[in-house]
Amino acid sequence: KTKLDSSFPVAQFAVGDYFLQFTKYRNQYGGGLILFIRKGTICKRKADFELSQFCECLSIELSVKKKTWFIMSLYCPPTSGQTGHFFTELSTFMNQAINRYDNIIIIGDINTDTGKIGHDATKLREFSDVFGLTNLIKEKTCVTSRSMSSIDAILTNGPKCFQKSRAVSVGLSDYKKFIVTRMKSH
(Lines give C-alpha, C1' and ligand atoms only; values in the text may rest on other atoms or scores of the structure.)
Protein backbone atom coordinates (compact mmCIF):
# COMPACT_ATOMS: atom_id res chain seq x y z
CA LYS A 1 0.00 0.00 0.00
CA THR A 2 1.31 3.44 -0.84
CA LYS A 3 0.17 7.02 -0.89
CA LEU A 4 1.43 7.53 -4.41
CA ASP A 5 -0.30 9.19 -7.28
CA SER A 6 0.82 10.05 -10.81
CA SER A 7 2.67 13.18 -9.59
CA PHE A 8 5.56 10.98 -8.35
CA PRO A 9 8.11 10.15 -11.08
CA VAL A 10 8.69 6.40 -11.49
CA ALA A 11 12.50 6.90 -11.48
CA GLN A 12 12.24 8.08 -7.89
CA PHE A 13 11.58 4.50 -6.80
CA ALA A 14 14.59 2.66 -8.24
CA VAL A 15 15.64 -0.21 -5.94
CA GLY A 16 18.83 -2.12 -6.80
CA ASP A 17 18.13 -5.25 -8.83
CA TYR A 18 14.39 -4.67 -8.84
CA PHE A 19 12.18 -3.02 -11.42
CA LEU A 20 9.12 -1.03 -10.58
CA GLN A 21 6.90 -3.24 -12.69
CA PHE A 22 3.39 -2.22 -11.84
CA THR A 23 1.68 0.61 -10.10
CA LYS A 24 -1.91 1.40 -9.43
CA TYR A 25 -2.37 4.92 -8.17
CA ARG A 26 -4.76 6.23 -5.57
CA ASN A 27 -8.46 5.92 -6.24
CA GLN A 28 -11.60 6.64 -4.23
CA TYR A 29 -10.69 3.73 -1.91
CA GLY A 30 -7.35 5.21 -0.83
CA GLY A 31 -3.66 4.34 -0.85
CA GLY A 32 -2.41 3.02 -4.15
CA LEU A 33 -0.35 -0.09 -4.84
CA ILE A 34 3.18 -0.61 -6.09
CA LEU A 35 4.95 -3.82 -7.04
CA PHE A 36 8.68 -4.42 -7.47
CA ILE A 37 9.90 -7.50 -9.35
CA ARG A 38 13.50 -8.71 -9.44
CA LYS A 39 15.23 -8.28 -12.80
CA GLY A 40 14.93 -11.41 -14.95
CA THR A 41 11.73 -12.65 -13.30
CA ILE A 42 8.97 -13.58 -15.71
CA CYS A 43 5.69 -11.87 -14.86
CA LYS A 44 2.69 -10.18 -16.42
CA ARG A 45 -0.18 -8.08 -15.21
CA LYS A 46 -3.55 -9.83 -14.93
CA ALA A 47 -5.97 -6.89 -14.99
CA ASP A 48 -8.88 -9.23 -15.68
CA PHE A 49 -8.38 -10.60 -12.12
CA GLU A 50 -8.49 -7.24 -10.36
CA LEU A 51 -11.36 -6.45 -8.06
CA SER A 52 -13.16 -3.27 -9.00
CA GLN A 53 -15.28 -2.55 -5.96
CA PHE A 54 -14.56 -1.93 -2.29
CA CYS A 55 -10.74 -1.96 -2.53
CA GLU A 56 -7.65 -1.42 -4.62
CA CYS A 57 -6.26 -4.48 -6.34
CA LEU A 58 -3.23 -5.33 -8.47
CA SER A 59 -2.87 -8.89 -9.85
CA ILE A 60 0.01 -10.58 -11.64
CA GLU A 61 1.12 -13.95 -12.92
CA LEU A 62 4.68 -14.73 -11.82
CA SER A 63 6.93 -17.62 -12.84
CA VAL A 64 9.44 -18.77 -10.21
CA LYS A 65 11.34 -22.06 -10.09
CA LYS A 66 9.23 -23.73 -12.78
CA LYS A 67 6.03 -22.79 -10.98
CA THR A 68 3.51 -20.20 -12.03
CA TRP A 69 1.95 -18.16 -9.24
CA PHE A 70 -1.14 -16.00 -9.29
CA ILE A 71 -0.55 -13.06 -6.94
CA MET A 72 -3.24 -10.61 -5.93
CA SER A 73 -2.18 -7.55 -3.93
CA LEU A 74 -4.95 -5.72 -2.05
CA TYR A 75 -5.65 -2.63 -0.04
CA CYS A 76 -9.10 -2.54 1.56
CA PRO A 77 -9.90 0.70 3.35
CA PRO A 78 -11.19 0.39 6.90
CA THR A 79 -14.19 2.59 6.16
CA SER A 80 -15.63 0.55 3.31
CA GLY A 81 -18.17 -1.14 5.62
CA GLN A 82 -18.71 -3.70 2.89
CA THR A 83 -16.89 -6.77 4.21
CA GLY A 84 -19.55 -9.24 3.07
CA HIS A 85 -19.66 -7.73 -0.43
CA PHE A 86 -15.86 -7.64 -0.60
CA PHE A 87 -15.53 -11.36 0.17
CA THR A 88 -18.31 -12.15 -2.32
CA GLU A 89 -16.45 -10.30 -5.10
CA LEU A 90 -13.12 -11.82 -4.02
CA SER A 91 -14.67 -15.30 -4.08
CA THR A 92 -15.86 -14.77 -7.65
CA PHE A 93 -12.31 -13.97 -8.76
CA MET A 94 -10.84 -16.83 -6.72
CA ASN A 95 -13.20 -19.31 -8.38
CA GLN A 96 -11.69 -18.26 -11.71
CA ALA A 97 -8.12 -18.20 -10.39
CA ILE A 98 -8.20 -21.71 -8.92
CA ASN A 99 -9.32 -23.04 -12.29
CA ARG A 100 -6.26 -21.49 -13.98
CA TYR A 101 -3.53 -21.56 -11.33
CA ASP A 102 -2.21 -24.20 -8.95
CA ASN A 103 -0.33 -21.65 -6.82
CA ILE A 104 -2.07 -18.63 -5.34
CA ILE A 105 -1.05 -15.75 -3.06
CA ILE A 106 -3.29 -12.96 -1.80
CA ILE A 107 -1.26 -10.30 0.01
CA GLY A 108 -2.07 -6.98 1.53
CA ASP A 109 -3.85 -4.78 3.99
CA ILE A 110 -7.31 -6.31 4.19
CA ASN A 111 -8.33 -4.30 7.28
CA THR A 112 -9.94 -7.36 8.83
CA ASP A 113 -8.32 -8.26 12.14
CA THR A 114 -7.39 -11.91 11.73
CA GLY A 115 -6.94 -12.29 15.48
CA LYS A 116 -10.42 -11.15 16.52
CA ILE A 117 -13.73 -12.87 16.84
CA GLY A 118 -16.47 -11.13 14.91
CA HIS A 119 -18.32 -10.84 11.63
CA ASP A 120 -15.39 -9.60 9.51
CA ALA A 121 -12.90 -12.15 10.88
CA THR A 122 -15.50 -14.91 10.41
CA LYS A 123 -15.92 -13.91 6.75
CA LEU A 124 -12.15 -14.06 6.27
CA ARG A 125 -11.89 -17.49 7.93
CA GLU A 126 -14.78 -18.83 5.84
CA PHE A 127 -13.18 -17.49 2.65
CA SER A 128 -9.81 -19.02 3.58
CA ASP A 129 -11.40 -22.38 4.43
CA VAL A 130 -13.39 -22.56 1.18
CA PHE A 131 -10.29 -21.93 -0.95
CA GLY A 132 -7.76 -23.83 1.20
CA LEU A 133 -5.73 -20.72 2.07
CA THR A 134 -3.39 -20.29 5.03
CA ASN A 135 -2.35 -16.93 6.45
CA LEU A 136 1.44 -16.91 6.74
CA ILE A 137 1.45 -13.87 9.05
CA LYS A 138 0.84 -14.87 12.66
CA GLU A 139 1.77 -11.66 14.50
CA LYS A 140 0.32 -8.18 14.98
CA THR A 141 0.85 -5.95 11.97
CA CYS A 142 -0.82 -2.72 13.02
CA VAL A 143 0.67 -1.38 16.23
CA THR A 144 -0.26 2.06 17.51
CA SER A 145 -0.13 3.69 20.93
CA ARG A 146 -3.79 2.71 21.44
CA SER A 147 -4.14 -0.74 19.88
CA MET A 148 -2.60 -3.76 18.18
CA SER A 149 -4.23 -5.79 15.42
CA SER A 150 -3.48 -8.18 12.58
CA ILE A 151 -4.97 -6.51 9.50
CA ASP A 152 -2.29 -7.44 6.96
CA ALA A 153 -2.16 -10.94 5.52
CA ILE A 154 -0.34 -13.24 3.15
CA LEU A 155 -2.86 -15.92 2.19
CA THR A 156 -1.67 -18.85 0.11
CA ASN A 157 -2.64 -22.38 -0.87
CA GLY A 158 1.07 -23.34 -0.81
CA PRO A 159 2.28 -22.48 2.71
CA LYS A 160 5.06 -25.10 2.59
CA CYS A 161 6.71 -23.15 -0.25
CA PHE A 162 7.54 -20.25 2.10
CA GLN A 163 9.72 -19.56 5.09
CA LYS A 164 10.43 -16.64 7.40
CA SER A 165 7.06 -14.96 6.93
CA ARG A 166 6.72 -12.09 9.36
CA ALA A 167 5.86 -8.48 10.08
CA VAL A 168 8.84 -6.12 10.13
CA SER A 169 8.95 -2.67 11.73
CA VAL A 170 9.98 -0.06 9.21
CA GLY A 171 8.87 3.18 10.87
CA LEU A 172 7.59 4.63 7.60
CA SER A 173 3.89 4.14 7.95
CA ASP A 174 0.81 4.66 10.06
CA TYR A 175 0.62 0.91 10.59
CA LYS A 176 4.25 0.44 11.69
CA LYS A 177 4.82 -2.99 10.17
CA PHE A 178 5.54 -4.37 6.72
CA ILE A 179 4.69 -7.99 5.89
CA VAL A 180 7.28 -10.12 4.12
CA THR A 181 7.89 -13.73 3.22
CA ARG A 182 10.60 -15.69 1.47
CA MET A 183 10.09 -18.53 -0.96
CA LYS A 184 12.04 -21.68 -0.14
CA SER A 185 14.91 -22.49 -2.47
CA HIS A 186 13.78 -26.05 -3.23
Value rounded to 0.5 Å, distance of CD in Glu89 from SG in Cys57: 8.0 Å
Heavy-atom donor-acceptor pair, Thr156 side chain to Ile104 backbone, under 3.5 Å: yes
Reported CE-to-CG distance for the pair Met72 and Leu155, which is rounded to 0.5 angstrom: 11.0 Å
Residue pair Val130 / Ser91, side-chain heavy-atom distance below 4.5 Å: no
For the student: nearest non-hydrogen atoms of Met94 and Leu133, plus distance: CE-CD1, 4.3 Å
Heavy-atom side-chain contact between Glu61 and Ile71 under 4.5 Å: no
Cys43 to Leu62 - nearest heavy-atom pair and separation: CB-CD1, 3.6 Å
Between NZ on residue Lys65 and SG on residue Cys161, distance to nearest 0.5 Å: 9.0 Å
Gly158 versus Trp69, closest heavy-atom pair with distance: O-CH2, 4.4 Å
Audit row: Ile60, Lys44, side chain to side chain contact (heavy atoms under 4.5 Å, CB included) steps and yes/no: CA-CA 5 Å; Ile60 65 166; Lys44 62 182 170 181; over 6 Å; no
From Ser63 atom OG to Ile42 atom CD1, the distance as rounded to the nearest 0.5 Å: 5.5 Å
Backbone N/O of Asp152 and side chain of Asp109: donor-acceptor pair under 3.5 Å: no
Tyr101 and Phe49 aromatic ring geometry - parallel, tilted or perpendicular at 30°/60° bounds: perpendicular
Contact summary for Ile106 and Leu74, nearest pair of heavy atoms: CG2-CD1, 3.6 Å
Residue pairs passing the salt bridge (Lys or Arg N to Asp or Glu O under 4.0 Å) test where at least one lies in residues 90-101, sequence neighbours excluded: Asp48-Arg100
From CA spacing to verdict: side chain to side chain contact (heavy atoms under 4.5 Å, CB included), Leu90, Phe87: CA-CA 5 Å; Leu90 184 58; Phe87 282 111; 4.2 Å; yes
Separation between CD of Glu50 and CZ of Phe93, rounded to the nearest 0.5 Å: 8.5 Å
Check: Asn103 side chain, Asn157 main-chain N or O, donor-acceptor pair, under 3.5 Å: no
Residues Asn95, Phe131; criterion side chain to side chain contact (heavy atoms under 4.5 Å, CB included); working and verdict: CA-CA 8 Å; Asn95 279 319; Phe131 293 103; 3.4 Å; yes
Steps toward side chain to side chain contact (heavy atoms under 4.5 Å, CB included) verdict (Phe162, Ile105): CA-CA 11 Å; Phe162 298 91; Ile105 300 170; 3.5 Å; yes
Heavy-atom check, side chain of Ser73 versus side chain of Glu56, under 4.5 Å: no
Atom of Ile37, atom of Thr41 and distance for their closest heavy-atom approach: CG2-CB, 3.5 Å
